[in-house]
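Just below is one structure, and these are the notes that go with it.
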There are 2 protein chains.
Amino acid sequence: MSETTLLERLRERGWRVTPQRRAVAVALEGDHVHLTADEVHRRAREVRPEVSLATVYNTLNEMVAMGEIAEVRYAPGPSRYDPNVGHTPHHHLLCKVCGALFDVDAHAVADLQLPVADRHGFTVDAVEVTFRGTCPDCLAAA
Amino acid sequence: MSETTLLERLRERGWRVTPQRRAVAVALEGDHVHLTADEVHRRAREVRPEVSLATVYNTLNEMVAMGEIAEVRYAPGPSRYDPNVGHTPHHHLLCKVCGALFDVDAHAVADLQLPVADRHGFTVDAVEVTFRGTCPDCLAAA
DNA sequence: GTATATGCAAAGCATTTGCATTAAA
DNA sequence: TTTAATGCAAATGCTTTGCATATAC
């Protein structure tokens, strides 16, 4: 899907790579589900039990500041982190019951333009579509 | 724009109307900006200084549960509340600098369908488009 | 009159920060 | 060796809750 790994991209930016940061980067990758800081922490601990939650937050915030991942907060509850930003253009599929968030390939969705008359003086540089619905798990549970 | 007021709709649902709740409902109406609980509290206090923040939260949560307003959390920081949900179909214009959120009429944006093949087993019942950019105020400040 | 909303203050999460210690480069 | 990252624990900010009192219906 993507040619380079998150870790490689970060290293290229001159990022200092520690075992903790490696564990965080690896925890985020691969999945098309977006994890909370706490879930990242749990996963990172499976590899490096000494990773602290504070370090997870610090690391995630840096990655966001670099634009390598995005913080998304569509449902109540804690923030989630999207590692596929800027590399694979995509939109989101949100379960309104459990808050789970999946990616959708951008090619599945038409490009959108907002007419200048409706821009309220904004400049627009990204468009993001969220499909709200119910995920298979919650459908089964209902 | 809408034929009935938020307060009228709530009363029709058999809601018990108190001065505090009236103040919260009025604070939310009319605007195309989405307020935080704290901002709603400040506005409600201008009319009824004894309204407590706890009551504002309780009231907003009830309105959300009834589907009369929506909680939106696109940017870091506190939740914001969208009173125009379900009545005036619309999308969002988000300032990535200051987090301000405006409404855009749905007619300005084409309807979108997600192909079944890309639905990952979800049912989809709403589509929401967010245009990310920079608002006039932040442009001026830059 | 009765059920329900209120304010207050305390509790509960999510997230950030200060600081002494440790480790990457 | 230098500069920056770590863990811990305390602090902060947003939101919810418990409970005694007040009030809409």
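The sequence lines fix the lettering, A, B, ..., with proteins before strands; numbering per chain opens at 1.
Taking a cutoff of 4.0 Å between a charged side-chain nitrogen and a carboxylate oxygen, A:Glu68 and A:Arg13 qualify as a salt bridge.
Sorted by first then second residue, the salt bridge (charged side-chain N to carboxylate O under 4.0 Å, His left out) pairs that include residues 115-126 of chain A, not counting sequence neighbours, are A:Asp125-B:Lys96. The salt bridge (charged side-chain N to carboxylate O under 4.0 Å, His left out) analysis of residues 48-57 of chain A, with sequence neighbours excluded, yields the pairs A:Arg48-A:Glu50. Sorted by first and then second residue, the pairs that involve residues 15-28 of chain B and meet salt bridge (charged side-chain N to carboxylate O under 4.0 Å, His left out), not counting sequence neighbours, are B:Arg21-B:Glu62.
Under the rule for a side-chain hydrogen bond (donor to acceptor under 3.5 Å, both in side chains), the partners of A:Arg42 that lie at least two apart in sequence or sit in another chain are A:Asp38. By the ring-ring contact (aromatic ring centres under 6.0 Å, His included) test, A:Phe131 is found to be paired with no residue, residues two or more places apart in sequence or in another chain being considered. The side-chain hydrogen bond (donor to acceptor under 3.5 Å, both in side chains) check on B:Asp82 picks up B:His90, B:His92, with sequence neighbours excluded. Looking at residues two or more places apart in sequence or on another chain, you find a side-chain hydrogen bond (donor to acceptor under 3.5 Å, both in side chains) between A:Thr55 and A:Ser52. Listed by chain and number, the residues in a side-chain hydrogen bond (donor to acceptor under 3.5 Å, both in side chains) with B:Thr123 amount to none (sequence neighbours excluded). Take B:His41 and apply the ring-ring contact (aromatic ring centres under 6.0 Å, His included) test, not counting sequence neighbours, and it matches no residue.
When the P atom of D:dA5 is taken as reference, atom CZ of A:Arg48 falls 17 Å away, rounded to whole Å. As a whole-Å value, the separation of B:Glu62 CD from D:dT17 P is 13 Å. Nucleotide D:dT17 holds its P atom 9 Å from the CG atom of B:Asn58, rounded to whole Å.
Side chains of B:Arg9 and B:Thr4: a donor-acceptor N/O pair is present below 3.5 angstrom, by distance only.
Projected onto DNA chain C by closest heavy-atom contact, B:Arg16 and B:Thr55 fall at different nucleotides, the more 5' of which corresponds to B:Arg16. The residue among A:Thr59 and B:Ala54 whose nearest nucleotide of DNA chain D is located toward the 5' end is A:Thr59. Projected onto DNA chain D by closest heavy-atom contact, B:Val17 and A:Thr18 fall at different nucleotides, the more 5' of which corresponds to A:Thr18.
Taking side-chain N and O atoms only, B:Gln20 has no distance below 4.0 Å to OP1 or OP2 of D:dA24.
The overall bend of the helix from C:dG1-D:dC25 to C:dA25-D:dT1, read as the angle between its terminal helix axes built from five base pairs each, is 50° when rounded to 10 degrees.
No contact: A:Pro76 has no heavy atom under 4.0 Å from any strand.
Here the range on DNA chain C touched by chain B, meaning any atom under 4.0 Å from one of its heavy atoms, is C:dA3 to C:dC8.
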Which letter, B, S or -, goes with each nucleotide of nucleotides 10-15 of chain D from 5' to 3', with contact meaning a protein heavy atom under 4.0 Å?
----SS
